[in-house]
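Some notes on the structure that comes next.
Here is how names work: the chains are called A, B, and so on, in the same order as the sequence lines, proteins then strands, and each is numbered from 1. All values below come from the heavy atoms of this structure, side chains included, with hydrogens, waters and symmetry mates left out. Keep in mind it's a predicted model, so treat the numbers as computed, not measured.
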Amino acid sequence: MAKNLLIVESPAKAKTIEKILGSDFTVKSSYGHVRDLPKEDISVDVEHDFKPNYVVTADKQKVVKELKDAVKKVDEVWLATDEDREGEAISWHLCQVLGLDEHSTKRIVFHEITKSAIQLAITQPRKLDLNLVDAQQARRIVDRLVGYELSGLLWKKVKGKLSAGRVQSVTVRLVVEREREIQAFETTPFFRITAEFNVKSADGKVSVLKAESPERYDTQDNAASFLKKCVGAAFNINNIEVKPAKRKPAAPFTTSTLQQEASRKLGFSVSRTMLVAQRLYEAGFITYMRTDSTNLSEMAIASIAQEIENLYGSRYVHTRRYKTSKAGAQEAHEAIRPTYITNQQIPGDRDQTRLYELIWKRTIASQMSEAELERTIVKIGVSTMPGSPLQAEGEVLKFDGFLKVYLESQDDDDEEDTKGILPPLKVGQPLDLLDMTATERYTRPPARYTEAALVSKLEELGIGRPSTYAPTISKIMEENRGYVVKENRDGEVRKYAILTLKDGQIKTSEGSEVTGAVKNRLFPTDMGMVVTDYLFEHFKEIMDFGFTAGIEKDFDIIAEGNKNWVKTVGDFYHPFHATVQNALETSARATGERILGKDPETGRTVLVRMTRFGKPAVQIGSKEELAEDEKAKFANLGPNQSIETVTLEDALRLFTLPKSLGEFQGKEVSIGLGRFGPYVKHGDVFVSIPRGEDPLEMEIERANELIKEKQLADAPIGTYKGIDITKGKGRFGPFLKYGDLYINVPAKHKLDTITVEECHKLIEAKINKEANRYVQRWEKEEIAIENGRWGPFIRFKKNNVSFPKTEGQKMTSEDAAKLSFEDVKAIIEAALPGSFKKK
DNA sequence: CAGTGAGCGAGCTTCCGCTTGACTT
């Protein structure tokens, strides 16, 4: 029997550590925090020293019960939660709920899951650091007070279900400001001049040398005059400069750099990266994936060096120790790396193998030699101009080093040509001009954020933590808030001028290019802008990008034991709360209202604003202009329109909707803008117009196409026992509808090509499953024992309750069928206390 | 699902940070 219980946060970690420690230790996990402030109300007593009301959250009751049982069976408990503020607090909460003494229980920490690190930690137990716990409490309570008070304010002043908080509101602000920068950006054209020369080497071989003018020319006239000066001029090499250069590999992955590289190289969203990484971690292939540290364990560095030597030879080995210097980094874990570097590949699905490969390469590269390059700059003189107006650059890789394995990618792949190898050249050598081109280019606005780029910015500002990056991005895009959307947008065609000098002649021509096309970029919605502006107007301090960094300093002082947490929270809260009260009483509804002009027909004011329903709309007739019982005219804003950019003309056109387009199949076809977006109406059937298509531009042909598509999609694809089978796409993917039954279509079938026979099989399987679904049911199926994938479980309203395991024996369907309603109620009551309270 | 846009008040929503869960319309 084990005499010791060691508690960590993650169950996967617990498994590994249990193996290392042997039979004297039972290792269990807390699954993160076990207590929190309940979400029903604010649960902080602001009148009495901000006393928090912590409760064991519903999803942790089972965990806590199991830990309590485990504590009873051992002589000693070791708290081995992560070594950071949150980890310390988890240990303290564990003391509270498990009845352990917070002053004497053994607390140990380690940053890496290796035998030596853990065994060393066991020899150096310390006590709980209650100052650090206090710092966490201050953090938690400030976040609760800010979040709940600001959210409540938004419900009153903008719309229900909205939210605001220290992290999310600033995150939205970043997206809003970037969009405004882009809107305000004025692209200016300029000209870039490139030239091609014939070069003859000593052995008579002819090759081409590409050169360009380092200067930009701001007008076509200036570019043309440069070209004119080159007509009939002589060119020769004034100078050749050869410089050695080195490139260093990037540090091993942290959460945010993994998210960025997976986004750039694999096209993953941040949540997809984290999901796949979680699977790799659980399978034991990689170390912990939520980390802000670039540190590798000494053991890992040694084995990586060995692996590099085996694969590429010792010249490629260069071990490095990376320091993290990001604001607010807490470094409780290692960098993300393969647990066994010798696993060059791992089994798994495509996502897993690709993400693993990325991690393996980055880790290996981080311990490899620098790449050695030779950069050559050739200055070219023109006889009609002073100096060296043209320049050629070349780059030769002398030693590949880490580039053999891995090259970090960039967000903005600029139009810069990849520099290649130059032909052999000599100073003073004359050059023979082939052609010269001046191409019109345009300055570019800053790029919209990708999810990963936004995370990177948050990390740079010290806002949020590795465990919250992905959830924060999801949160600001979630339906009820809808502050930000991720979209693809088509670009616009733009013309540019080209001047070519060839055979002594200058010719002008025109090229065209697509500009501004983006994929998977973040755009603020009107709601995002309205809420950001409102919060910024009243809460500059909280919306400041430095706010988090500022209070983090206070939390550090608390952690050092030099300040009382209650005072820190109070110093912040009292003025903050007063501002909230003031805003509640004095500020008007936030609508982002903008006056567009006058309606030429009625002469009344045309304005655009956010409505009470959270949808932006155009309104004709302001309050003052309308008679007592008269109503303003309204039209919803269309797709690709926003409060900030819509013009008077576009706004007025919206009032031409709904409009009839004609007839199709004997029924009227019309278009309109509904509550859920633009639609085509065909008789009584509504068809949504896909995003990006402008309903105002809709032609009857396109509308008919959409109607036909809809009819095809709605048409039954066959029958089963005389009942129609239809197909559709739902929230959880493609499904078949058969009577009242919804049947998921597994990924191996394609919805377009699925056969009626396959449908019959799926329906039969579903009917069989449905017949076996219930073991017992009570109270109109509100309470039932159902057969799940892993055996029977109890469904209690929306909750699922597992049967407690007795002596490792799992409940079977046969035994479950014998349980009485009273038995079942007792099991539910044990798992979810208070479920059957009398009213 | 495919008109409501105001304001009132019932009762609902909401924060950040630590973890994995295991249901299927």
>> Using the side-chain heavy atoms of A:Lys623, tell me which of these nucleotides is nearest: B:dT19, B:dA6, B:dT20.
In response: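 In terms of side-chain proximity for A:Lys623, the closest of B:dT19, B:dA6, B:dT20 is B:dA6.
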
> What's the closest nucleotide to the A:Glu282 side chain, out of B:dG21, B:dG17, B:dT19?
Replying inline: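 Closest nucleotide to the A:Glu282 side chain: B:dG21.
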
> Does A:Arg609 pair with A:Asp526 as a salt bridge, N-O distance under 4.0 Å?
Replying inline: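 No salt bridge links A:Arg609 with A:Asp526.
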
>> For A:Asp599, is there an ion pair with A:Arg604 - N to carboxylate O distance below 4.0 angstrom?
In response: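 Between A:Asp599 and A:Arg604 there is no salt bridge, as every charged N stays at least 4.0 Å from the carboxylate O atoms.
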
N/O (side chain, [X]) to phosphate O (OP1/OP2, [N]) under 4.0 Å:
| X | N | value |
| --- | --- | --- |
| A:Arg465 | B:dC16 | no |
| A:Arg279 | B:dG21 | no |
| A:Arg290 | B:dT20 | yes |
| A:Ser467 | B:dC18 | yes |
| A:Thr81 | B:dC18 | no |

> Can you list the residues that meet the side chain to side chain contact (heavy atoms under 4.5 Å, CB included) rule with A:Thr291, with sequence neighbours excluded?
Replying inline: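 Here the qualifying residues are A:Thr255, A:Ser293, A:His333, A:Ile336.
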
What integer distance in Å separates [X]:[atom1] from [N]:[atom2]?
| X | N | atom1 | atom2 | answer |
| --- | --- | --- | --- | --- |
| A:Glu83 | B:dC18 | CD | P | 14 Å |
| A:Tyr54 | B:dG17 | OH | P | 15 Å |
| A:Lys13 | B:dT19 | NZ | P | 7 Å |
| A:Met274 | B:dG17 | CE | C1' | 13 Å |
| A:Asp59 | B:dA22 | CG | C1' | 13 Å |
| A:Ile551 | B:dG17 | CD1 | C1' | 13 Å |
| A:Glu9 | B:dT20 | CD | P | 9 Å |
| A:Ile476 | B:dC16 | CD1 | P | 11 Å |

Base, sugar-phosphate alone, or nothing: which one does [X] contact when heavy atoms must sit under 4.0 Å apart?
| X | answer |
| --- | --- |
| A:Tyr469 | nothing |
| A:Gln278 | sugar-phosphate |
| A:Gly464 | sugar-phosphate |
| A:Pro11 | sugar-phosphate |
| A:Arg139 | base |

> Do the two ring centres, one from A:Phe547 and one from A:Phe539, sit under 6.0 Å apart?
Replying inline: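 When the ring centroids of A:Phe547 and A:Phe539 are compared, they turn out to be at least 6.0 Å apart.
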
> Per the side-chain hydrogen bond (donor to acceptor under 3.5 Å, both in side chains) rule, which among A:His93, A:His33, A:Arg107 passes with A:Thr81?
Replying inline: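 Checked A:His93, A:His33, A:Arg107 against A:Thr81; only one passes side-chain hydrogen bond (donor to acceptor under 3.5 Å, both in side chains): A:Arg107.
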
> Can you check whether A:Val133's main-chain N or O pairs, donor with acceptor, with A:Glu88's side chain at less than 3.5 Å?
Replying inline: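 No, because the side chain of A:Glu88 does not come within donor-acceptor range (under 3.5 Å) of the backbone of A:Val133.
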
> Is it true that a side-chain atom of A:Tyr483 and a backbone atom of A:Val531 form a donor plus acceptor pair closer than 3.5 Å?
Replying inline: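 No; judged by distance alone, with no hydrogens or angles, the pair does not exist.
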
>> For A:Lys681, is the NZ atom crowded, meaning more than 12 foreign heavy atoms sit under 6.0 Å from it?
In response: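 Not buried by this count: 12 neighbours or fewer within 6.0 Å.
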
> When rounded to the nearest Å, what value does the distance between C1' atoms of B:dG9 and B:dT13 take?
Replying inline: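 My reading of the C1' atoms in B:dG9 and B:dT13 gives 16 Å.
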
> Considering heavy-atom distances to DNA chain B, does A:Met289 or A:Arg35 have its closest nucleotide positioned more toward the 5' end?
Replying inline: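 Between the two, 5'-proximity favours A:Arg35.
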
>> Strictly under 4.0 angstrom, non-hydrogen atoms only: write out the protein contact profile of nucleotides 8-15 of chain B, one letter per nucleotide from the 5' end, B, S or -.
In response: -----BBB

